[in-house]
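Everything numeric here is computed off the predicted structure, so don't read it as measured data. Letters A, B, ... are given to chains in the order of the sequence lines, protein chains preceding strands, and every chain is numbered from 1.
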Number of protein chains: 2
Amino acid sequence: MLEDELDQAVALQGRITAFVRAFGLHQPDRTPCGTPVPSSEAHAVGELDRDGPLTQTVLGERLRLEKSTVSRIVSQLTSRGWVCRANRGGDGRLVWLELTPDGRRAAGELAVARAARFADLLRNIPAEQRPAVIEALTTLVDAAGGQPATAEVRGAARD
Amino acid sequence: MLEDELDQAVALQGRITAFVRAFGLHQPDRTPCGTPVPSSEAHAVGELDRDGPLTQTVLGERLRLEKSTVSRIVSQLTSRGWVCRANRGGDGRLVWLELTPDGRRAAGELAVARAARFADLLRNIPAEQRPAVIEALTTLVDAAGGQPATAEVRGAARD
DNA sequence: CTTATTAGTTGTATCGTCGAACCATGTTGG
DNA sequence: CCAACATGGTTCGACGATACAACTAATAAG
């Protein structure tokens with residue numbers, strides 16, 4: 001590796017860890033929305049709200065979580081009355097997940113809280129730099145996504 | 001809020017959550033470095049390696065963690081033989097943290113693993129875009145840091 | 001010298017995730 | 001047609017990460 005590239009890697013690492021810490025991505029937070037919602041559930045709800053009914057496996061792929069984890073999250077959401085598990089025809093193994101009306105309402109409230117949080121962040125970025133920041137993040141996601149966190153790679157993540 | 005700003009906030013949110021998922025920032029991973037190291041410990045070691053001896057409170061500020069959490073992490077690191085707690089003179093309440101030789105060695109190995117991980121990421125970004133991405137992340141950290149995750153704000157984090 | 005204040009520790013609770021073992025349901029190949 | 005394999009989910013057990021509250025020990029303030 002060239003010197004420059006190493007420097008850049010170190011810089012990138014520093015920026016990302018700094019952002020994780022500064023933005024509080026560390027903390028196992030509950031999102032406020034009437035009743036506090038664990039963030040893993042909020043993510044799942046958001047995904048279901050965005051892209052209609054999904055099977056658990058697909059939801060897991062979207063969230064990049066193990067099927068066992070997804071199963072648990074979905075159980076919590078159903079006991080909250082936000083999601084219903086259905087076995088609609090065809091393949092009897094598939095569990096189709098769909099938001100209930102309550103779930104859709106909750107999804108909306110969560111989206112608002114989320115938007116507020118990010119709007120605050122945005123407000124601290126000079127307007128003329130905003131498009132560049134969003135663009136850069138897109139690039140970053142592409143770079144990270146092309147190389148999904150497989151078992152071998154996954155180990156070094158996050159540090 | 002203007003329409004544009006809302007759109008941007010939504011875009012920003014989408015990009016950030018996508019990155020968190022794609023890069024595996026979710027997963028409570030162990031970093032490989034001979035023995036697997038929990039990532040919270042890896043962060044602490046990295047910080048101590050970078051900026052000499054620190055007190056626990058200061059380390060907590062750097063990592064943005066509660067003092068109780070820091071205390072626990074440090075206990076794990078000392079039992080691993082990587083950090084020593086010292087009561088060097090002056091204020092008898094302060095616990096000074098310093099890496100042992102083993103700790104420094106481990107810090108080095110972790111740094112290498114980390115660098116490799118980020119170098120991989122970087123490799124997927126076209127060379128000419130790299131400086132822009134790093135620059136954008138710096139902007140983002142500034143924006144997030146100016147508005148530290150205080151108790152009230154913290155709730156909506158991460159979602 | 002009594003009363004804060006500050007640094008850390010310990011106890012308790014919750015969240016978040018994984019991997020392995022297991023059970024259905026489906027699919028495939030003799 | 002049935003045995004062997006594959007696939008979607010569930011349950012179990014383990015561990016990591018974090019917060020808050022209650023507590024101790026040391027120091028600073030009055």
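- Phosphate proximity of dT9(C) to Ser71(B): present, with a side-chain N or O under 4.0 Å from OP1 or OP2.
- Taking 4.0 angstrom as the limit, His26(B) places a side-chain polar atom (N or O) nearer than this to OP1 or OP2 of dT17(C).
- Across the interface with DNA chain C, nearest-nucleotide mapping of Val95(B) and Gly92(A) shows Val95(B) to be the residue nearer the 5′ end.
- At the phosphate of dG16(D), neither OP1 nor OP2 sits under 4.0 Å from any side-chain N or O atom of Ser40(B).
- Atoms CG (Leu94(A)) and P (dT25(C)) sit 12 Å apart, rounded to a whole Å.
- In this structure, Arg80(B) does not pair ionically with Asp102(B), as no charged nitrogen and carboxylate oxygen lie closer than 4.0 Å.
- Atom C1' of nucleotide dG8(D) and atom CZ of Arg93(A) are separated by 6 Å, given to the nearest angstrom.
- Considering only side-chain N and O atoms, Thr57(A) lies under 4.0 angstrom from the phosphate OP1 or OP2 of dG9(D).
- Distances shorter than 4.0 Å separate none of the side-chain N or O atoms of Gln76(B) from OP1 or OP2 on dA17(D).
- Summarising the geometry, the separation between CD on Glu61(A) and C1' on dG8(D) is reported as 11 Å, rounded to the nearest angstrom.
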What nitrogen or oxygen pairs link the protein and nucleotides 21-23 of chain C at under 3.5 Å?
none

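- Of the candidate nucleotides dC18(C), dA19(D), dG9(D), dA19(D) has the atom lying nearest to any side-chain atom of Leu65(B).
- With hydrophobic clusters built from ILVMFWY side chains whose heavy atoms lie under 4.5 angstrom apart, Leu99(A) shares a cluster with Val58(A).
- Aromatic rings of Phe19(B) and Phe19(A) (six-membered ring for Trp) have centroids beyond the 6.0 Å cut-off, not under it.
- Using a 4.0 Å heavy-atom cutoff across all strands shown, Gly60(A) reaches no nucleic acid atom at all.
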Report all interatomic pairs (protein N or O, nucleotide N or O of nucleotides 12-15 of chain D) with separations under 3.5 Å.
from	atom 1	to	atom 2	distance (Å)
dC12(D)	N4	Arg72(A)	NH2	2.2
dG13(D)	O6	Arg72(A)	NH2	3.0

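- In this structure, the CD1 atom of Ile73(A) is 14 Å from the P atom of dG9(D), given to the nearest Å.
- The phosphate of dG16(C) (OP1 or OP2) has no side-chain N or O of Gln27(B) nearer than 4.0 angstrom.
- Atom CG in Leu63(B) sits about 15 Å away from atom C1' in dA19(D), given to the nearest Å.
- In the set dG8(C), dC18(C), dG16(C), dC18(C) carries the atom at the smallest distance from any side-chain atom of Glu66(A).
- Between Arg85(B) and dT9(C) there is a side-chain polar atom (N or O) within less than 4.0 angstrom of OP1 or OP2.
- Remark: DNA chain D forms stems of 3 or more consecutive Watson-Crick or G-U wobble pairs, all pair distances under 3.5 Å, at C:1-30 with D:1-30.
- Look at Thr55(A) and you won't find any side-chain N or O under 4.0 angstrom from OP1 or OP2 of dG8(D).
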